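All remarks here apply to the structure that follows.
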Number of protein chains: 2
Amino acid sequence: MVQESIRILHTQGYKATEPRKLVLEVLEEIEKPLSPYDIQEVLRAKGKYLNHVTIYRILDLLCSLNLAHKMLSGGGFVKCSLDPVEGCHRFMVCQDCGAIQEFADEGLCQRENEFARNHGFHTEHHLSEFSGLCSRCHK
Amino acid sequence: MVQESIRILHTQGYKATEPRKLVLEVLEEIEKPLSPYDIQEVLRAKGKYLNHVTIYRILDLLCSLNLAHKMLSGGGFVKCSLDPVEGCHRFMVCQDCGAIQEFADEGLCQRENEFARNHGFHTEHHLSEFSGLCSRCHK
DNA sequence: AAGCTAAGTGCAATATTATTGCATTTATCT
DNA sequence: AGATAAATGCAATAATATTGCACTTAGCTT
Ligand SMILES: [Mn+2]
Ligand SMILES: [Mn+2]
Ligand SMILES: [Zn+2]
Ligand SMILES: [Zn+2]
């Protein structure tokens with residue numbers, strides 16, 4: 001929900017500006033990884049204009065608040081749909097339609113932490129990304 | 001091992017050229033994510049020169065053969081240290097010294113596949129990246 | 001060992017993506 | 001409504017990535 005992201009911006013002392021709302025709306029609507037220039041393009045098609053610098057800065061902010069996430073595949077940005085969690089971001093990406101779905105799995109976190117510990121590594125953050133076919137594209 | 005990567009190049013019908021060997025050696029030696037220009041810089045310091053276009057093309061090739069991997073964090077490239085596996089790449093990155101370590105865990109794959117399946121998603125590829133502290137940096 | 005040839009590299013030009021400083025605008029609080 | 005710090009737009013610049021083509025080279029074939 002965009003509304004929820006706006007609330008978080010406020011509680012963190014950031015303004016809920018028009019450009020920020022627009023970027024959040026685009027990410028929420030498209031549900032696919034979008035580059036800063038992709039976002040600019042989508043907005044242009046809606047008759048809106050944002051300078052690319054602004055979009056970069058907004059994405060930086062959203063990522064720092066865990067409200068958005070930069071994907072490995074292609075480097076596009078997506079809106080996080082779960083409660084913002086520092087240091088654990090997991091997504092499934094459909095290689096057919098590009099749709100993304102965020103997920104969380106405490107068991108995975110535990111297993112990963114344990115695995116790392118066994119190798120002398122102390123884990124702070126987890127990222128994972130699956131690619132495959134979403135239910136709609138999988139026949 | 002660089003030697004092993006060269007063998008794979010050959011079996012796949014690619015030439016083991018001097019530039020390719022140099023890039024492999026740099027990635028193997030540094031063991032940290034390096035951008036194409038980072039690699040060029042390391043080579044320059046050794047008195048070698050590769051055009052950046054060449055480096056881009058070599059990295060593309062190595063990634064397509066699963067001999068190298070482009071990291072999420074910063075987008076740098078690393079040399080894969082395990083047998084090349086299509087579609088499953090896992091790394092730990094030390095946020096202190098930048099060192100990376102590749103790993104594999106069949107149990108993780110299974111759990112991820114199962115988790116995805118429960119959500120109507122058919123998984124083909126897995127990526128994961130932990131960040132934290134390696135044994136040397138963790139006090 | 002020399003020659004052949006497809007594959008690979010370097011170069012120059014161009015395109016795309018990202019960053020910075022500063023003047024102007026805007027959201028929020030009085 | 002007015003004050004003010006924060007955010008945006010703009011222009012310039014920097015960094016990263018891609019393309020076409022001429023030249024070179026690795027690995028084969030005599
Ligand atoms: Mn976690
Ligand atoms: Mn796997
Ligand atoms: Zn799909
Ligand atoms: Zn370390």
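This structure is a prediction, so every number in the text was calculated from the model and none was measured. Naming convention: chains lettered A, B, ... in sequence-line order (proteins, then strands); numbering from 1 in each chain.
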Check the distance between [N]'s [atom2] and [X]'s [atom1] and give it to me in whole angstrom.
X       : N      : atom1 : atom2 : value
A/His10 : C/dT26 : NE2   : C1'   : 12 Å
A/Lys21 : C/dT26 : NZ    : P     : 13 Å
A/Leu62 : D/dT8  : CG    : C1'   : 15 Å
A/Tyr56 : C/dT17 : OH    : C1'   : 4 Å
B/Asp38 : D/dA15 : CG    : P     : 13 Å
B/Ile55 : D/dT19 : CD1   : C1'   : 17 Å
B/Ile39 : D/dA17 : CD1   : P     : 11 Å
A/Leu9  : D/dA6  : CG    : C1'   : 13 Å

Which listed nucleotide ([options]) is nearest to the side chain of [X]?
X       : options                : answer
A/Thr17 : C/dT9, D/dT16, D/dA7   : D/dA7
A/Arg20 : D/dA7, D/dA26, C/dT17  : D/dA7
B/Tyr49 : D/dT16, C/dC11, D/dG9  : C/dC11
B/Val53 : D/dT19, C/dT19, D/dA17 : D/dT19
A/Asn51 : D/dG27, C/dA27, D/dC10 : D/dC10
B/Arg57 : D/dT8, D/dG20, D/dA17  : D/dG20
B/Lys15 : D/dA7, C/dT17, C/dG8   : C/dG8
A/Tyr14 : D/dA7, D/dC10, D/dT16  : D/dA7

Assess the residue pair B/His138 and B/Asp96 against the criterion (side chain to side chain donor-acceptor pair (under 3.5 Å)); give the C-alpha distance rounded to whole Å, side-chain angles, the decisive distance to 0.1 Å, and a yes or no. CA-CA 9 Å; B/His138 188 229; B/Asp96 210 56; over 6 Å; no

Between A/Glu112 and B/Arg111, does any side-chain N to carboxylate O distance fall below 4.0 Å?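 Answer for the salt bridge query: no.
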
Check the angle between the aromatic planes of B/His52 and B/Tyr37 and answer parallel, tilted or perpendicular using the 30° and 60° thresholds. parallel

Tell me whether the rings of B/His69 and B/His89 are parallel (<30°), tilted (30 to 60°) or perpendicular (>60°).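 Because their plane-to-plane angle is under 30°, the rings of B/His69 and B/His89 count as parallel.
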
Report yes or no: do A/Asn113 and A/His126 form a side-chain donor-acceptor pair below 3.5 Å? yes

Could you tell me whether B/His52 contacts a base, only the sugar-phosphate backbone, or nothing, with contacts defined as non-hydrogen atoms closer than 4.0 Å?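 The answer is base, as B/His52 lies within the cut-off (heavy atoms under 4.0 Å) of a base atom.
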
